[in-house]
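Taking it in order: structure first as C-alpha cells, then the write-up.
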Amino acid sequence: MPTLVMKFGGTSVADLARIKNAAMKVQREVDNGYDVIVIVSAMSGKTNELVGWVNETSPLYDAREYDAIVSSGENVTAGLMALTLDEMGVPARSWQGWQVPIQTTSAHGAARFLDIPRKNIDAKFAEGMKVAVVAGFQGVSPEGRITTLGRGGSDTTAVAFAAAFDAERCDIYTDVDGVYTTDPRITSKARKLDKIAYEEMLELASLGAKVLQTRSVELAMRFKVRLRVLSSFEDVTDTSGTLVCGEEEIMESNVVAGVAYSRDEAKMTLISVADRPGIAAAIFGPLSEAGVNVDMIVQNISEEGRTDMTFSCPVDQVLRAEKAMQEAQAKGSINFHDLVADKDAAKISVVGIGMRSHAGVAAKMFAALAKEGINIKVITTSEIKISVLIDRKYMELAVQALHDAFELEKAA
Ligand code: ADP
Ligand code: ASP
Ligand code: MG
C-alpha cells in the first residue's frame, strides 16, 4: 500500500468536533487506498498552558521535567483520534513516541531525531491496521527519558515519518489554506503561494513564520519529501494548499518571496567590556552553555580598550542570559560595567532566492522603513534574506510597509 502522512495542528484538533472533522479527512485517504500515518498536535492552547505551569512552578526549570509535562498534550489527542477513527470503522491505533520508539538526542526541549524504526508500526499495518496515529513533538532519549523537539515540533515529526516510511506526500493540515507572502493575520493583502522553494521556506520559518517548524523544512529538503500545507477546514482538491518543493519546479517568482517577523525578541547590550582577543568567546560560550539562542550580534567600535557588545535573543531567555553573564563576571572571565536588556524588540525579515541576482533589495527595505519613521537597531543579511531589529510596537506596520514596497500582493 502507498503511505501518506497527514499532520493536524492544534486548531485542527481543538475539540472533539474538529477531531471528527480531521478523522473524516483521514478516512477519505484510507478509502483512496492509502496506509495513513497521522501526526497530531496537542489541542490548541494546551501546550501553552502546560508551559505556563512549568514556568510558574520553576522559572529555571529542569528541562527533563519540562519535556515530561509539555509532551502530554499530544498523548491525549493521539488517543482521541484513534478512538474517533475506530468509531467510524477505520482500524486505527495510537502511538506515543517511546512506543514507536522515536529515538532522539537527549537535548531536552530541542531534541533531534536519531532513528525512527519502522518495525512496530509496519507489523500493525500488516495485521490490518489502516491508520497509525502518532503523538507529534516527542520522542525518547538514549537515557530512556521523554524528549520534545521544540515548539511547533509536530511538523518535524510529520516530515521525519514521511521520510522514514517513504510516504508519497506529507500533508500539513492547519488553520490557513497555505503558505502566504506574509502572515495573513498581519495584512489582508497577503497572497497565497501555489509553490515555494525549500530554501525560501526554510528562511521564512527560521525567521519566524511559524506555519512550519524550521527543522521540518530542513528535513523535507534533505530527504526530498513532497510537503503540502493546506486547510483543515476546506474540502481538499489536487491543487489545494501550497507545495514546498525544489526551486527547479518553480517557473516564475518575485525577487522577494515573503516577509517574516519574530515578535518576542530582546536586545541585550553589555556596556563597556574589555576589548581583547577571546572576549567574544568568553561572552558567547557561557551564553550557549546556558541554552541562550543568540541570533544577531554587533560589536561596537572600541574606545580606550573597551567596547559595547550587543546581541539579540528570544525574550524568554533574558533571565538565563543575565544569569550567565553575571556568573562569568563573578568568575572574572569577563568584565563589563552594565548589562542592559531591551525586552521590546521584534525582528522583521525579507526573504527571496531572487536576491542572489538582484541588487538594491536592502536599500529598498531601509527606505520603506524610514518612510514610516521606524528606527532600525540591528541589521543582518545573508544570501537570500535581510533582517532588521526594530521596536515591537512598529512590527505590524513594518510588515505591511515592506509587503507594499515589494508589491507582494502581485504574482510575478
Ligand atoms: P498549527 O497549530 O496547525 O501547527 P500554527 O499556528 O503553528 O498552526 O501555524 C499556522 C499559523 O502560521 C497561521 O495561522 C498564520 O497565522 C501563521 N503564519 C505565519 N506566517 C505565515 C505565512 N507566511 N503563511 C501562512 N501562515 C503564516
Ligand atoms: N504542541 C506543540 C506546540 O504547540 C507542538 C506542535 O503543535 O507542533 O508547540
Ligand atoms: Mg505549528
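Along the sequence shown, residues carry numbers from 1. Both ligands and their constituent atoms are indexed starting at 1 by order of listing. No hydrogens, no waters, no symmetry mates; every other heavy atom, side chains included, goes into these values.
- Interatomic distance, OG of S382 versus CD of E203, reported as 4.5 Å (0.5 Å rounding).
- Under 4.0 Å from ligand 2, the heavy atoms of E74 that appear belong solely to its side chain.
- Judged by the 6.0 Å and 45° rule, R320 forms a cation-pi pair with Y61.
- Classification of K393 and D344 as a salt-bridged pair fails, no side-chain N sitting under 4.0 Å from a carboxylate O.
- Within the 4.0 Å heavy-atom shell around ligand 1 one finds G178.
- Atoms of ligand 2 found under 4.0 Å from any heavy atom of R151, numbered from 1 in the order shown, are 3 (C), 4 (O), 9 (O).
- Of all the atoms in ligand 1, the ones that sit under 4.0 Å from a non-hydrogen atom of T174 are 1 (P), 3 (O), 8 (O), 10 (C).
- Contacts between K7 and ligand 1, counted as non-hydrogen atom pairs separated by less than 4.0 Å, involve the side chain only.
- Ligand 1 places these atoms under 4.0 Å from at least one heavy atom of V179: 24 (N).
- Remark: of the listed residues V133, V26, I172, V26 is the sole one forming a side-chain contact (heavy atoms from CB on, under 4.5 Å) with M6.
- Of the N or O atoms in F137, none lie within a sub-3.5 Å distance of an N or O in ligand 2.
- For the ligand labelled ligand 1, residue P184 lies inside the 4.0 Å heavy-atom shell.
- Close contacts between ligand 2 and S41 involve ligand atoms 6 (C), 7 (O), 8 (O) [criterion: under 4.0 Å to a heavy atom].
- Applying the ring pair (Phe, Tyr, Trp, His ring centres under 6.0 Å) criterion to F165, with sequence neighbours excluded, gives F161.
- Judged purely by atom type and a 3.5 angstrom limit, E409 has no side-chain atom pairing as donor or acceptor with the backbone of K189.
- Polar contact with ligand 1: absent for V176 (N/O pair, distance under 3.5 Å).
- Interface of S154 with ligand 2, defined as ligand atoms under 4.0 Å from a residue heavy atom, comprises 5 (C), 6 (C), 7 (O), 8 (O).
- Ion pair K130/D35 flagged as a salt bridge, since at least one NZ, NE, NH1 or NH2 atom sits closer than 4.0 Å to an Asp/Glu carboxylate oxygen.
- Contact annotation: G10 has no heavy atom less than 4.0 Å from any atom of ligand 2.
- Listed by atom number, the atoms of ligand 1 under 4.0 Å from A209 heavy atoms are 20 (N).
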- How far apart are the C-alpha atoms of T148 and D67, what are their side-chain angles, what is the distance that settles it, and do they pass the side-chain hydrogen bond (donor to acceptor under 3.5 Å, both in side chains) test? CA-CA 6 Å; T148 65; D67 278 354; 2.6 Å; yes

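- Heavy-atom distances between Q213 and ligand 1 stay at or above 4.0 Å for every pair.
- Those atoms of ligand 1 that come under 4.0 Å of a heavy atom in D175, given as number and element, are 10 (C), 11 (C), 13 (C), 14 (O).
- Heavy-atom distances between G153 and ligand 2 reach below 4.0 Å in at least one pair.
- Using bins of under 30°, 30° to 60° and over 60° for the plane-to-plane angle, the ring pair F8/Y173 lands in the parallel bin.
- Residue contacts with ligand 1 for R185 involve side-chain atoms from C-beta outward but no N, CA, C or O (heavy atoms, distance under 4.0 Å).
- At a 4.0 Å heavy-atom cut-off, ligand 1 does not touch L204 at all.
- Protein heavy atom in closest approach to atom 27 (C) of ligand 1: V211 CB, 3.7 Å.
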